[in-house]
Amino acid sequence: CGSVLSETDFCNGCGADVTIYKKIIRTSNTYYNMGLEKARVRDLSGAADILRRSVRMDKNNIQARNLLGLVYYEMGEIVKALSQWVISKNIQPQDNVASEYIDRLQSNANRLDTINTSIKKFNLCLEYCRSGNIDMAEMQLKKVMQSNPKLIKGYHLLSLIYIKQGRYEKARKQLKAAAKIDKTNTTTLRFLREVDQQTGKMTSLEPRFKAKERTRESKDDRLIYQSGNDLVIQPMEYRDKTVNNTLINLIIG
């Protein structure tokens, strides 16, 4: 009925029992917090999985949907990111940071076209691999990764080509680059295990020099991290008493 719910288990407007509804909302918010924690440690694939559960439980969870878009963006999945932000904006047209994300992406039309082209070329590389044209796939994939260096699945496919060719050190290099973006991606770790077994050498994913990429703001305790040329201000955890917390500010490029 559109009424604002109170602490009771019944709607103040129509008197309906909202116990199950409230449980669903709480579950969605719990998934959001879990996804946020995974995103903070750059477990992007894990964060995406949890956040998808959150928006399945509550399609109107704007915080979870916007964060899911940011996770997709960090994984090089720009189309998926835009999709989440467009849905978010349609649900909440006013006071929604998704509008800013969309405007910033669309304002850089050349960059957006380049990324879209890279996705098309990646799909073409898949067809090359399926047809056995590995050399052409390798050549095109290198171009794809130059234009879209965050595309996780691009690193995976290129490393798989190198593994098939027995060029394990090249494969290791691609997989380490993928791990810098998404630390606990299961496909990355599975391929690295294969490389380690074939070479008898364990891959270290720890950076040689640990730069200070995170600072803490004193006012609202938001975490900030630098990812390439992008500065991302992470959202605060969801709390029942602070529903209208500011979500995320994103500066692109």
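Positions are given from 1 along the sequence.
- Looking at Tyr101, its side chain never comes within 3.5 Å of a backbone N or O of Ala81 through a donor-acceptor pair.
- Partners of Met136 by side-chain contact (heavy atoms from CB on, under 4.5 Å), not counting sequence neighbours, listed by chain and number: Tyr128, Asn133, Met139, Gln140.
- Of the possible donor and acceptor atoms, none in the side chain of Asn185 sits under 3.5 Å from a partner among the backbone N and O of Ala179.
- Residues satisfying the side chain to side chain donor-acceptor pair (under 3.5 Å) criterion with Ser83, sequence neighbours excluded, are absent altogether.
- By the 4.5 Å heavy-atom criterion applied to side chains, Ile102 and Ser99 are not counted as neighbours.
- Here the shortest heavy-atom pairing between Ile91 and Ile62 reads CG2-CD1, 3.8 Å.
- Every residue two or more places apart in sequence or in another chain that forms a side chain to side chain donor-acceptor pair (under 3.5 Å) with Ser45 is listed here: Asp182.
- Annotation: the span from Ile161 atom CD1 to Leu157 atom CG amounts to 4.5 Å, rounded to 0.5 Å.
- The closest side-chain heavy-atom distance from Asn61 to Gln63 is below 4.5 Å.
- Using a 4.5 Å heavy-atom cutoff, the side chains of Asn60 and Gln92 are not in contact.
- Annotation: side chain of Leu51 is not in contact with side chain of Tyr31 (no heavy-atom distance under 4.5 Å).
- In this structure, CG in Leu67 is found 10.0 Å from CG in Asn33, a value given to the nearest 0.5 Å.
- In this structure Asp196 satisfies the side-chain contact (heavy atoms from CB on, under 4.5 Å) test together with Arg172, Met202, Thr203, sequence neighbours excluded.
- Listed by chain and number, the residues in a salt bridge (Lys or Arg N to Asp or Glu O under 4.0 Å) with Asp43 are Lys38 (sequence neighbours excluded).
- Every pair passing salt bridge (charged side-chain N to carboxylate O under 4.0 Å, His left out) that includes a residue from residues 128-137 is listed here, sequence neighbours excluded: Glu127-Arg130.
- Classified by interplanar angle (parallel below 30°, tilted 30° to 60°, perpendicular above 60°), the ring pair Trp85/Tyr73 is tilted.
- When the side-chain contact (heavy atoms from CB on, under 4.5 Å) test is applied to Asn123, the partners found at least two apart in sequence or on another chain are Ile119, Leu126.
- With contacts defined as side-chain heavy-atom distances shorter than 4.5 Å, the pair Asn148/Thr114 does not qualify.
- Remark: Glu169 does not engage Lys173 in a salt bridge, criterion side-chain N to carboxylate O under 4.0 Å.
- Identified under the salt bridge (charged side-chain N to carboxylate O under 4.0 Å, His left out) test for residues 153-168, with sequence neighbours left out: Glu77-Lys153, Glu138-Arg167.
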Problem - Residues Arg190, Glu194; criterion salt bridge (charged side-chain N to carboxylate O under 4.0 Å, His left out); working and verdict - result: CA-CA 7 Å; Arg190 187 170 70 250; Glu194 175 67 20; over 6 Å; no
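- Applying the side chain to side chain donor-acceptor pair (under 3.5 Å) rule to Gln174 yields no partners; only residues at least two apart in sequence or on another chain are considered.
- Applying the salt bridge (charged side-chain N to carboxylate O under 4.0 Å, His left out) rule to pairs touching residues 78-89 yields nothing, sequence neighbours excluded.
- Note that OG1 of Thr187 and CG of Leu160 are 10.0 Å apart. Values are rounded to the nearest 0.5 Å.
- When only modelled atom types and interatomic distance are considered, Ser54 and Ser28 share a side-chain donor-acceptor pair under 3.5 Å.
- Taking Ala171 as the reference, Ser159, Tyr162, Ile163, Val195 meet the side-chain contact (heavy atoms from CB on, under 4.5 Å) condition, with sequence neighbours excluded.
- Evaluation of the side chain to side chain donor-acceptor pair (under 3.5 Å) rule for Asp49 yields Arg53 as partners, not counting sequence neighbours.
- A donor-acceptor pair under 3.5 Å is formed between the side chain of Arg65 and the backbone N or O of Lys59.
- The distance from atom CG of Leu105 to atom CD1 of Ile78, rounded to the nearest 0.5 Å, is 6.5 Å.
- A donor and an acceptor atom, one from each side chain of Ser88 and Asn96, are located under 3.5 Å apart.
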